[in-house]
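What follows is a single structure, written as structure tokens, with notes after it.
Start at 1 and go down the list; that is how both ligands and their atoms are numbered. Everything numeric in this text was worked out from a predicted model, so none of it was measured. Note that the numbering runs from 1 along the sequence shown for the chain.
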Amino acid sequence: MSIMPSEKSNSELPDELTTDIYSENIAFWDKAWNPVKTAYTQMPDLPYLESIPRNLKEHGCQSVLDLGCGSGWLSIYLARLGFSVTGIDIAEQAINLAGAWAEQENLKITFEAGDITSMNYAAGTFDAVVANSIFEHLTLNLAQTTVAELFSLLRPGGIFFGCFDQVGTGPGEYFELTDKTHVYTDKGRKGMLLRCFNDAELKQLFSGWQIISLETIESGSRLLWAKKL
Ligand SMILES: C[S@@+](CC[C@H](N)C(=O)[O-])C[C@H]1O[C@@H](n2cnc3c(N)ncnc32)[C@H](O)[C@@H]1O
């Protein structure tokens with residue numbers, strides 16, 4: 001993994017998100033992925049799936065960064081359609097699985113283990129960023145710094161697509177940070193950060209961008225398309 005939790009100093013983290021809490025969050029993802037031995041090669045049945053490449057093509061996008069790519073389904077889906085894709089995920093095992101799947105299909109995709117809250121891509125590297133079901137696992141502050149970084153790594157006119165799930169936080173064992181991020185403490189999800197973003201927060205997060213569309217689908221997930229001005 002390229003970013004170790006210990007490299008994040010407390011001063012870079014939002015108020016109550018200590019290095020220990022963040023380390024546990026990263027450990028959660030490693031623990032979740034380590035037992036998985038093959039990639040989930042089924043494309044998910046998402047109502048907006050086909051709109052992703054269609055809109056990317058309409059905006060003339062070729063190079064795409066897939067945030068929190070997991071074992072790679074969205075990267076593979078886009079690469080099959082001819083996009084140049086880079087996938088990044090914090091869990092090394094997810095990246096290994098994604099790499100093996102791409103190799104099997106003879107697709108050239110760059111998969112990298114790394115933390116999307118501290119990426120080091122050069123300014124203007126990508127035409128587009130896709131973020132499916134990943135921002136729910138960041139605090140509000142981390143989402144803000146990540147979106148600022150996305151603004152930099154996109155070329156002018158570059159496109160962002162995100163699906164922000166309304167995750168059922170429900171009863172469970174967790175404590176809450178003041179920004180309403182849940183930090184889970186029960187055995188199955190120990191360390192995982194979970195937070196729902198509402199429309200006002202999404203508009204605020206992307207206030208320096210042109211919001212092309214912001215839509216709530218039946219599941220309650222928000223789909224956001226935005227353009228770097
Ligand atoms: C809910 S899964 C979604 C995976 C995939 N995008 C999808 O749509 O199926 C969240 C993914 O984000 C990764 N992840 C969580 N926090 C991350 C971070 N800070 N940086 C990079 N990846 C992260 C996890 O390892 C996991 O693979």
Side-chain angles (χ1 to χ4, degrees), residues 1-5 7-8 12-14 17 19 21-36 38-49 51-52 64-79 85-99 101 109-121 128-147 149-150 153 160-169 181-184 188-197 217 219 221-224:
M1 193 175 301
S2 57
I3 305 292
M4 295 306 290
E7 289 172 34
K8 274 187 168 290
E12 288 172 317
L13 296 168
L17 185 60
T19 306
I21 295 176
Y22 199 68
S23 302
E24 279 215 76
N25 169 56
I26 294 174
F28 164 79
W29 289 110
D30 276 332
K31 223 171 127 192
W33 277 108
N34 281 345
V36 183
T38 51
Y40 304 116
T41 53
Q42 193 77 24
M43 291 299 153
D45 184 20
L46 298 172
Y48 54 89
L49 186 58
S51 70
I52 302 175
V64 183
L65 176 64
D66 179 9
L67 298 184
C69 62
S71 56
W73 69 264
L74 183 51
S75 297
I76 298 268
Y77 177 70
L78 294 174
V85 187
T86 299
I88 179 170
D89 198 283
I90 204 149
E92 207 158 335
Q93 176 61 359
I95 289 302
N96 292 341
L97 296 173
W101 183 8
I109 303 177
T110 306
F111 284 113
E112 294 173 340
D115 188 336
I116 63 160
T117 69
S118 39
M119 296 181 285
N120 285 315
Y121 298 108
V129 172
V130 292
N132 194 71
S133 306
I134 166 71
F135 271 83
E136 301 77 50
H137 302 293
L138 302 181
T139 62
L140 188 54
N141 278 4
L142 285 177
Q144 275 158 355
T145 50
T146 303
V147 171
E149 182 56 27
L150 299 182
L153 60 78
F160 171 87
F161 167 73
C163 174
F164 299 79
D165 292 330
Q166 288 301 296
V167 275
T169 43
T181 302
H182 288 184
V183 182
Y184 280 88
R189 295 177 289 183
K190 190 168 166 34
M192 185 178 72
L193 301 177
L194 204 55
R195 180 178 201 286
C196 294
F197 287 79
I217 57 173
S219 62
S221 298
R222 265 68 169 181
L223 304 185
L224 174 72

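Every atom of ligand 1 with a heavy atom of G70 under 4.0 Å away is listed here by number and element: 27 (O).
Close N/O approach between I90 and ligand 1 is found [any backbone or side-chain N/O within under 3.5 Å]. Checked by distance only, ligand 1 and H137 stay at 3.5 Å or farther apart across all their nitrogen or oxygen atoms. The shortest N or O to N or O distance between S133 and ligand 1 is not below 3.5 Å. Looking at D115 next to ligand 1, an N or O pair under 3.5 Å apart turns up.
Nearest to atom 25 (O) of ligand 1 among the protein's heavy atoms is D89 OD1, 2.7 Å. When hydrogens are left out, the protein atom nearest atom 8 (O) of ligand 1 is N132 ND2, 2.8 Å; that is the closest non-hydrogen contact. Residue, atom and distance of the protein heavy atom nearest to atom 6 (N) of ligand 1 are G68 O, 2.7 Å. Among all non-hydrogen protein atoms, the one lying nearest atom 7 (C) of ligand 1 is W73 NE1, 3.2 Å.
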Inset, instruction - Let me see the working for D66 and Y77 under side-chain hydrogen bond (donor to acceptor under 3.5 Å, both in side chains), right down to the final yes or no. - result: CA-CA 11 Å; D66 179 9; Y77 177 70; over 6 Å; no

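The aromatic rings of F160 and F135 sit perpendicular, their planes meeting at an angle over 60°, well past the 30° parallel limit. Aromatic ring orientation, H182 versus Y184: perpendicular (interplanar angle above 60°, classes split at 30° and 60°).
In summary, the side chains of T139 and N141 do not present any donor paired with an acceptor at a separation below 3.5 Å, with no hydrogens or angles considered.
Remark: distances from the non-hydrogen atoms of P44 to ligand 1 are all 4.0 Å or more. For W33, the closest heavy-atom approach to ligand 1 falls below 4.0 Å. Ligand 1 is never approached by L74 to a heavy-atom distance shorter than 4.0 Å. The shell of residues lying under 4.0 angstrom from ligand 1, judged by heavy atoms, excludes I88. Ligand 1 lies out of reach of A94, whose nearest heavy atom is not under 4.0 Å from it.
Contact annotation: for F135 versus ligand 1, there are no heavy atoms closer than 4.0 Å. Both the backbone and the side chain of I116 come within 4.0 Å of ligand 1, judged by heavy-atom distances.
Here E112 pairs with Y121 under the side chain to side chain donor-acceptor pair (under 3.5 Å) rule; sequence neighbours left out. With sequence neighbours excluded, no residue forms a side chain to side chain donor-acceptor pair (under 3.5 Å) with W33.
For the ring pair (Phe, Tyr, Trp, His ring centres under 6.0 Å) with H137, the lone residue among Y22, W29, F197, F28 that qualifies is W29.
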